[in-house]
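Computed from a prediction, not measured in an experiment: that's the story for all the values here. Throughout, residue positions are numbered sequentially from 1 according to the sequence presented.
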Amino acid sequence: MTNELELRTATDDDYDELETLITRAFLDDPDDDASSLYRKVFEPERIQVVSDAEAMVGTGSVLTRDLAVPGAVVPTAHVTGVAVASTHRRRGVLTSVMSAMLTDARGRGTEPIAALWASEGAIYGRFGYGLASWEVPYEIPTRATSLPGSVPAGARLRHAVTSDVVDHLRAVYERILPERAGLSSRPGRWWEYLTSDPKSWRRGMSAERAVMYEDDGGVRGYARYRTKGGWNSTGPDGEVRVIELVAETTDAYVCLWRFLLSIDLVRTVKYGHNPIDDPLPHLVTNPDALGGGKRGALWVRVLDVPRALAARRYGAPIDLVLELTDTEFRENAGRWRLVGDSTTANCERTDAEADLTLDVRQLGSLYLGGVSAGTLAAGGLIIERTPGAVARASAGFGWHRAPATLEIF
């Protein structure tokens, strides 16, 4: 970064200028209707700012949240709001901001990993992030498929205004959080922020709505969604856009999807955050009607190798020596012996011969259990030093469910 550029930590007074910089970087404008909402989760002490004279030209933020990983929930630096003014590209601003955020997160000693959504996938690999999860978007023509069945006896679906039932939704979400890698915790005012409903967030759709599935045990699942009416020459042409669907039982999952696919006057249902192992294609009468094709979701950066690898659990017993490279944090580089299973794990330095050689970027891809070591090895990104080590890593780092990512932060 050149001498006239200054890197510093943000303050409360920077809020308005930060909002302008970030919204313009994402080709939008500040919105009076929603400008105060982000203050609910604003953490200026975790925001890095680069200024040129008196103008703010770059920024990046960390949100203090946890992330579900295989078998555990881990404090994770949620990186977001990364923006560089178009006038200051290729001047080291992004590198300076990313390095400062990662160094601060690692120095806190509480967050062994960082995670982000990438607006452009080509950017973050050079900072040690690996693509760790995928999602499948659905655009479902309701006349082309259906989900047979009915609501089980003793259960029911109930409409609600989302803000009126947040406590029920939060309870369901918190019960499933530890069971599904990729989900982020929602501490403090996060539920209040996420269920805010300014008109600018609707993008021409209705106000947010909620439907809950209840049985004798209470609320067991919910869907948050919006609708949009429409007509064409053949009749109704309405649309449903699902914000999130969360279910802790199979019955809740099936009934919520059946409801969404059968709303009167609706001809298309859209939902972007389906995991790659979603069961819906196996339940509907015509799986080809779901459309979609996988796209990248969460990227993970391992900040502290021994703490990160000891924090998660493993799909099969694993005992491997990993030889790592990490150009940003050399404390992570070298050989590590990882021993773990479904209940416990340990990772320590070793002088033993390596079983696998890989970069910290590939370790990030493996971390959530959504990318196979075999896949990375097939691309030459993991080098097998001991016969059978890739197969053992694939089984160990794998998990019985793919990561699910319901929310872009």
Any non-hydrogen side-chain atom of Ile318 less than 4.5 Å from a side-chain atom of Leu338? yes

is_close_aromatic(His159, Phe259), centroid dist under 6.0 Å: yes

Shortest non-hydrogen contact from Pro137 toward Gly293: CD-O, 3.2 Å

Using side chain to side chain donor-acceptor pair (under 3.5 Å), reason through Arg385 and Thr357 one step at a time and then give a plain yes or no. CA-CA 7 Å; Arg385 304 297 185 187; Thr357 299; 3.0 Å; yes

Determine, step by step, whether Thr343 and Asp341 satisfy the side chain to side chain donor-acceptor pair (under 3.5 Å) criterion, reporting the C-alpha distance in whole Å, the side-chain angles of both residues, the deciding distance to 0.1 Å, and the verdict. CA-CA 6 Å; Thr343 61; Asp341 55 29; 3.0 Å; yes

Is it true that a side-chain atom of Asp14 and a backbone atom of Glu17 form a donor plus acceptor pair closer than 3.5 Å? no

Non-neighbouring partners of Arg241 that pass salt bridge (charged side-chain N to carboxylate O under 4.0 Å, His left out), sequence neighbours left out: Glu239

CD1/Ile243 to CZ/Arg209 distance, rounded to the nearest 0.5 angstrom? 11.0 Å

When rounded to the nearest 0.5 angstrom, what is the spacing between OH in Tyr367 and OG in Ser133? 14.0 Å

When rounded to the nearest 0.5 angstrom, what is the spacing between CD1 in Ile140 and CG in Leu290? 5.0 Å

Counting only heavy atoms not in Lys199, do more than 12 sit closer than 6.0 Å to its NZ atom? no

What I'd like to find out is whether the side chain of Thr325 reaches to under 4.5 Å of the side chain of Val360, using heavy atoms alone. no

Please list all pairs meeting side-chain hydrogen bond (donor to acceptor under 3.5 Å, both in side chains) that have one or both residues in residues 297-316, counting only residues at least two apart or in different chains. Arg301-Asp326

Could you check if a side-chain atom of Thr142 sits within less than 4.5 angstrom of a side-chain atom of Thr268, using non-hydrogen atoms only? no

Before accepting this row, confirm whether a basic side-chain N of the pair Glu135/Lys294 lies closer than 4.0 Å to the acidic partner's carboxylate O. no

Partner set under ring-ring contact (aromatic ring centres under 6.0 Å, His included) for Tyr173, not counting sequence neighbours: Trp191

Ion pair present between Asp277 and Arg180, side-chain N to carboxylate O less than 4.0 angstrom? yes

Please check: side-chain N/O of Arg258 versus main-chain N/O of Pro148, any donor-acceptor pairing under 3.5 Å? yes

Would you say the side-chain atoms of Ser372 pair up with the backbone N or O of Gly374, donor to acceptor, closer than 3.5 Å? yes

Taking only residues two or more places apart in sequence or in another chain, which ones pass side-chain contact (heavy atoms from CB on, under 4.5 Å) with Glu348? Asn346

Will you find, in the side chains of Thr59 and Gln48, an N or O donor that is under 3.5 Å from an N or O acceptor? no

Tell me if a side-chain donor or acceptor on Ser196 pairs with a main-chain N or O of Tyr193 at a distance below 3.5 Å. yes

Would you mind reporting whether Trp257 and Leu245 have side-chain heavy atoms less than 4.5 Å apart? yes

Between atom CZ of Phe42 and atom OG of Ser61, what is the distance when rounded to the nearest 0.5 Å? 7.5 Å

Could you tell me the separation between the CD1 atom of Ile47 and the CD1 atom of Ile22, rounded to the nearest 0.5 Å? 7.0 Å

If you look only at pairs with a residue in residues 72-82, which of them pass as a side-chain hydrogen bond (donor to acceptor under 3.5 Å, both in side chains), with sequence neighbours excluded? His78-Ser184

Are there more than 12 heavy atoms of other residues, nucleotides or ligands under 6.0 Å from atom CZ of Arg175? yes

Are any side-chain N or O atoms of Arg106 and backbone N or O atoms of Leu303, one a donor and one an acceptor, separated by less than 3.5 Å? yes

For Asp66 and Val73, indicate whether the former's side chain and the latter's backbone hold a donor-acceptor pair under 3.5 Å. no

Aromatic plane relationship, Tyr124 with Phe127 - under 30° parallel, 30 to 60° tilted, over 60° perpendicular: tilted

Side chain to side chain donor-acceptor pair (under 3.5 Å) against Thr20, all qualifying residues, sequence neighbours excluded: none

Does Ala207 have any side-chain contact (heavy atoms from CB on, under 4.5 Å) partners at least two apart in sequence or in another chain, and if so, which? Asp197, Arg202

The criterion is ring-ring contact (aromatic ring centres under 6.0 Å, His included); which residues satisfy it with Tyr222, sequence neighbours excluded? none

Keeping Glu384 on the side-chain end and Gly388 on the backbone end, is there a donor-acceptor pair under 3.5 Å? yes

In short, Trp336 meets Thr350 closest at the heavy-atom pair C-CG2, 4.0 Å

Taking Glu208's backbone N and O only, do any of them form a donor-acceptor pair with Arg224's side chain (distance below 3.5 Å, no angle check)? no

Using the test side-chain contact (heavy atoms from CB on, under 4.5 Å), find all partners of Val240 that sit at least two apart in sequence or belong to another chain. Tyr225, Thr227, Val242, Leu260, Ile263, Val266, Val269

Arg24 and Asp28 ion-paired at < 4.0 Å: no

Within-4.5 Å side-chain heavy-atom neighbours: Lys228 and Ser206: no

Do Trp190 and Leu63 have side chains that approach each other closer than 4.5 Å (heavy atoms only, starting at C-beta)? yes

Main-chain N/O of Val390 paired with Ser394 side-chain donor or acceptor, under 3.5 Å: yes

Worked check of side chain to side chain donor-acceptor pair (under 3.5 Å) between Tyr271 and Asp278: CA-CA 12 Å; Tyr271 185 32; Asp278 186 54; over 6 Å; no

Show me the side-chain donor-acceptor pairs of residues 211-218 shorter than 3.5 Å, one per line, residues at least two apart or across chains.
residue	atom	partner	partner atom	Å
Glu214	OE1	Arg156	NE	2.7
Glu214	OE1	Arg156	NH2	2.9
Glu214	OE1	Arg158	NE	3.3
Glu214	OE2	Arg158	NE	3.3
Glu214	OE2	Arg158	NH2	3.0
Asp215	OD1	Gly217	N	2.8
Asp215	OD1	Arg220	NH1	3.4
Asp215	OD2	Arg220	NH1	3.4

Check: Pro317 and Ser342 side chains under 4.5 Å, non-hydrogen atoms: no

State whether the side chain of Thr23 and the backbone N or O of Glu19 hold a donor-acceptor pair below 3.5 Å, judged by distance alone. yes

Please determine whether a side-chain nitrogen of the Lys or Arg among Asp319 and Arg392 lies less than 4.0 Å from a carboxylate oxygen of the Asp or Glu. no

Taking the side chain as C-beta and beyond, is there a heavy-atom pair between Leu67 and Leu298 under 4.5 Å? yes

Could I get the full list of side chain to side chain donor-acceptor pair (under 3.5 Å) partners for Thr386, not counting sequence neighbours? Asp355

Side chains of residues 402-409: which donor-acceptor partners sit under 3.5 Å, not counting sequence neighbours?
residue	atom	partner	partner atom	Å
Glu407	OE1	Arg65	NH2	3.2
Glu407	OE1	Arg186	NE	3.3
Glu407	OE1	Arg186	NH2	3.4
Glu407	OE2	Arg65	NH1	2.8
Glu407	OE2	Arg65	NH2	3.2

When rounded to the nearest 0.5 angstrom, what distance separates OG in Ser163 from CG in Leu169? 10.5 Å

